[in-house]
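Throughout, a chain's letter reflects where its sequence line sits, starting with A, and its residues are numbered from 1.
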There are 2 protein chains.
Amino acid sequence: MADAHLSLADVARLAGVSPATASRALNSRPEVAEATRARVLAVAREHHYVASPEASGLASRTTGRVAVVVPHLSRWFFGALLEGLEARLRRAGLDVLLYHVPTRRDRHDFFERLPARRKVDAVVVLAFPVSEHEQARLAMMGVGIVAAGGQVAAFPHVCIDDHAAARQAVDHLLFLGHRRIAMIEAVDPESAEWRDGMGRTTGYHEALAEAGVAPVPELVVTVPWGEQHGADAMSRLLGLREPPTAVYAHSDEVAAGALATLRRAGLRVPQDVSVIGIDDHPLAALLDLTTVAQPVREQGEAAGQLVVDLVAGRDVPRGRAVPTRLVVRGSTAPPRASAGA
Amino acid sequence: MADAHLSLADVARLAGVSPATASRALNSRPEVAEATRARVLAVAREHHYVASPEASGLASRTTGRVAVVVPHLSRWFFGALLEGLEARLRRAGLDVLLYHVPTRRDRHDFFERLPARRKVDAVVVLAFPVSEHEQARLAMMGVGIVAAGGQVAAFPHVCIDDHAAARQAVDHLLFLGHRRIAMIEAVDPESAEWRDGMGRTTGYHEALAEAGVAPVPELVVTVPWGEQHGADAMSRLLGLREPPTAVYAHSDEVAAGALATLRRAGLRVPQDVSVIGIDDHPLAALLDLTTVAQPVREQGEAAGQLVVDLVAGRDVPRGRAVPTRLVVRGSTAPPRASAGA
DNA sequence: GAATCGTCCGGAAACGCTTCCGGCTCGAGG
DNA sequence: CCTCGAGCCGGAAGCGTTTCCGGACGATTC
């Protein structure tokens with residue numbers, strides 16, 4: 001008991017070597033004889049020695065930590081992303097410093113004050129857009145930066161091709177024969193700036209155009225992210241003189257809301273209207289929702305890999321898009337009365 | 001540009017004082033004249049000075065960090081808890097070091113290796129049981145420990161009274177006239193050890209007993225946590241010769257699974273069977289699920305408060321239970337044919 | 001007018017590592 | 001036998017703070 005906290009010097013003394021050698025042994029440096037290393041390691045283990053990260057950080061000018069900036073924690077997508085990321089970083093011996101920036105204000109604050117300054121070797125921003133100015137601020141930190149799950153092309157990043165995913169979803173509906181296809185466009189009210197560039201929207205328009213379907217403005221409704229708003233959006237859609245026969249939602253959560261509204265309205269899915277989402281949220285399986293799956297955890301891991309490469313001084317690929325995959329379940333089917341064509 | 005990284009000494013020189021005084025000024029210690037302090041602060045701000053946390057940590061023997069150990073990140077409950085916790089800690093200037101321990105192995109590893117050793121001023125374990133042995137290991141870290149969302153009575157903690165919550169749920173069903181009440185008991189397969197002590201189970205039994213309802217073993221089915229398993233459990237219950245008229249699920253996710261099964265089976269909720277959950281997951285509102293709400297975010301914040309008190313050297317209350325509240329929605333109603341009594 | 005007391009500040013010693021630099025030992029090569 | 005390089009290791013100088021200790025100085029108090 002009570003090896004309150006040995007210092008490197010103590011271990012060295014106990015092992016009969018100098019602190020310098022002890023340090024080298026513990027950090028598995030090559031310039032130390034095997035026998036010596038073993039002795040030091042044995043002493044260290046026996047006394048549960050742990051190096052003071054502060055001290056070694058001070059001396060080596062690195063922290064062994066990486067900041068993860070995330071806008072939401074209670075949403076499945078971000079949690080799953082974080083899981084993958086954490087796992088990869090942990091394996092590399094890097095610790096994760098969490099920065100939660102739910103509101104616009106928090107974000108602003110984060111980029112102005114840069115609270116992670118000097119505290120980390122790298123920072124990864126999770127699934128939210130970063131403005132030019134914010135990018136500049138980030139750069140001031142002087143550490144590696146990577147983005148995951150989002151579309152910050154300025155940094156090394158890993159994400160899906162939103163545009164392609166949207167195409168997969170909408171093309172599926174078109175393939176089934178739908179022509180009157182609505183889109184529930186979800187935006188994060190806390191970072192609305194850049195929603196137009198979103199592939200999930202452009203993909204919809206492109207798919208329709210390619211199929212020769214004229215765009216109908218009232219068929220796209222924009223709401224904040226979330227189940228409840230998805231439900232509201234669906235209500236609005238049902239209020240149309242001529243409601244859609246299929247609905248493409250930006251995410252499964254939003255689609256789930258739409259399903260709820262549909263059910264309450266007494267409409268049957270997929271007989272009366274088809275619904276498709278994006279993400280393959282666990283909810284999707286439960287609700288038998290057709291969706292475009294993206295590998296979330298894997299994205300986190302890939303981002304983690306970028307980080308470890310970055311801090312190791314290796315240079316990393318600019319960006320990498322992981323593939324998505326259409327998962328057909330029971331919420332989509334051909335329209336009831338296949339009208340035209 | 002390029003104030004690559006001023007040191008305290010630089011700031012001190014620029015402000016015409018000694019490093020000692022600069023340090024005192026920056027840390028708002030009382031023994032420095034207002035004018036001097038202002039001068040130092042001005043210089044610091046102008047040059048974007050940030051103290052090296054490693055150095056100050058080394059010198060002050062504190063880290064300004066707290067470890068948060070969490071078994072799941074992609075579940076709403078844990079995310080929400082974490083949000084509250086992070087917010088409170090951030091306000092107090094404490095950083096959050098994240099430790100994700102999804103599997104039994106990860107947990108074991110965490111407690112054996114204690115990777116957070118010397119890295120944090122406190123650790124909070126989020127919503128999972130900690131064995132005697134693990135508690136002992138934790139104690140070896142020599143830092144404050146608090147538990148949130150779970151039932152680790154050995155440490156300062158904040159949580160709900162599971163037993164009482166269960167009573168609220170089951171009593172509600174009893175009040176509506178149900179007698180044949182099933183329980184879907186959810187356990188985390190990665191920490192099954194302690195499931196029997198769980199209040200969510202004992203509350204059920206007690207409520208039934210008090211109401212003079214004889215326990216029916218086949219009416220309680222135990223499954224791993226999660227929507228899918230909730231669905232399976234419900235299937236099993238429906239297979240009974242005499243299915244229940246009401247179902248009490250340990251959590252809303254599980255209840256959601258049950259609802260899905262019910263719907264697929266063509267049964268109506270609440271006309272044919274009532275369902276109640278616990279948590280007030282966002283899902284619950286969407287599914288119109290009656291539930292016992294617990295303030296999750298608030299628990300996180302309260303736990304954060306315990307932590308800041310702890311690291312400030314104040315002593316803290318042993319434990320604190322936050323109140324739960326029955327939220328009646330559309331998934332519960334009196335049984336179809338009010339049988340007896 | 002001297003003794004006392006605060007207030008404010010500087011010198012310098014930690015804090016616990018990493019790493020540069022140089023020295024020692026030993027075997028190989030000339 | 002001498003030299004030289006490779007392999008190991010120790011001394012000591014940082015790394016950038018905090019904080020103890022003591023000194024200077026002006027304001028009180030008797």
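- Checking the phosphate oxygens (OP1, OP2) of D:dT17, a side-chain nitrogen or oxygen of B:Tyr49 falls inside 4.0 Å.
- More than 12 heavy atoms of other residues, nucleotides or ligands lie within 6.0 Å of CZ in B:Arg137, so this atom counts as buried by the packing criterion.
- For B:Asp309, the salt bridge (Lys or Arg N to Asp or Glu O under 4.0 Å) partners at least two apart in sequence or on another chain are B:Arg314.
- Residues forming a side-chain contact (heavy atoms from CB on, under 4.5 Å) with A:Ala22 (at least two apart in sequence, or on another chain): A:Leu8, A:Ala12, A:Val17, A:Val40.
- Remark on the helix from C:dG1-D:dC30 to C:dG30-D:dC1: inter-end axis angle 50°, axes from five-pair C1' superpositions, rounded to 10°.
- For B:Phe111, there are no ring-ring contact (aromatic ring centres under 6.0 Å, His included) partners, not counting sequence neighbours.
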Under 3.5 Å, which protein N or O atoms sit close to an N or O of nucleotides 8-15 of chain D? Give each pair with its distance.
| unit_1 | atom_1 | unit_2 | atom_2 | d |
| --- | --- | --- | --- | --- |
| D:dC9 | OP1 | A:Thr36 | OG1 | 2.5 |
| D:dC9 | OP2 | A:Ala33 | N | 2.8 |
| D:dC9 | OP2 | A:Thr36 | OG1 | 3.4 |
| D:dG10 | OP2 | A:Ser18 | N | 2.8 |
| D:dG10 | OP2 | A:Ser18 | OG | 2.9 |
| D:dG10 | OP2 | A:Thr21 | OG1 | 2.7 |
| D:dG10 | N7 | A:Arg24 | NH2 | 2.9 |
| D:dG10 | O6 | A:Arg24 | NH1 | 3.3 |
| D:dG10 | O6 | A:Arg24 | NH2 | 3.1 |
| D:dC15 | O3' | A:Arg61 | NH2 | 3.4 |

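- The closest donor-acceptor contact from the side chain of A:Asp106 to the backbone of A:Thr103 lies under 3.5 Å.
- Looking at residues 7-15 of chain B, you'll see B:Ser7, B:Leu8 sit with a heavy atom under 4.0 Å from some atom of DNA chain D.
- In the 5' to 3' direction, nucleotides of DNA chain C lying under 4.0 Å from heavy atoms of chain A begin and end at C:dG16 to C:dC20.
- By the side-chain contact (heavy atoms from CB on, under 4.5 Å) test, A:Ala59 pairs with no residue at all, sequence neighbours left out.
- Around the CZ atom of A:Arg320, the shell of radius 6.0 Å holds no more than 12 heavy atoms that belong to other residues, nucleotides or ligands.
- Applying the ring-ring contact (aromatic ring centres under 6.0 Å, His included) test to A:Trp76 and every residue at least two apart in sequence or in another chain returns A:His281.
- When the salt bridge (Lys or Arg N to Asp or Glu O under 4.0 Å) test is applied to A:Arg29, no partner is found at least two apart in sequence or on another chain.
- In this structure, the CG atom of B:Asn27 is 17 Å from the P atom of D:dG16, given to the nearest Å.
- Distance alone, capped at 3.5 Å, places no donor-acceptor pair between the B:Ser23 side chain and the B:Pro19 backbone.
- Between the side chains of A:Asp10 and A:His47, not a single donor N or O lies within less than 3.5 Å of an accepting N or O.
- Every residue meeting the side chain to side chain donor-acceptor pair (under 3.5 Å) condition with A:Glu34, not counting sequence neighbours, appears here in chain and number order: A:Arg37.
- Note on residues 87-97 of chain A: pairs passing side chain to side chain donor-acceptor pair (under 3.5 Å), not counting sequence neighbours, are A:Glu86-A:Arg90, A:Arg88-A:Gln305, A:Arg90-A:Asp95, A:Asp95-B:Tyr99, A:Asp95-B:Lys119.
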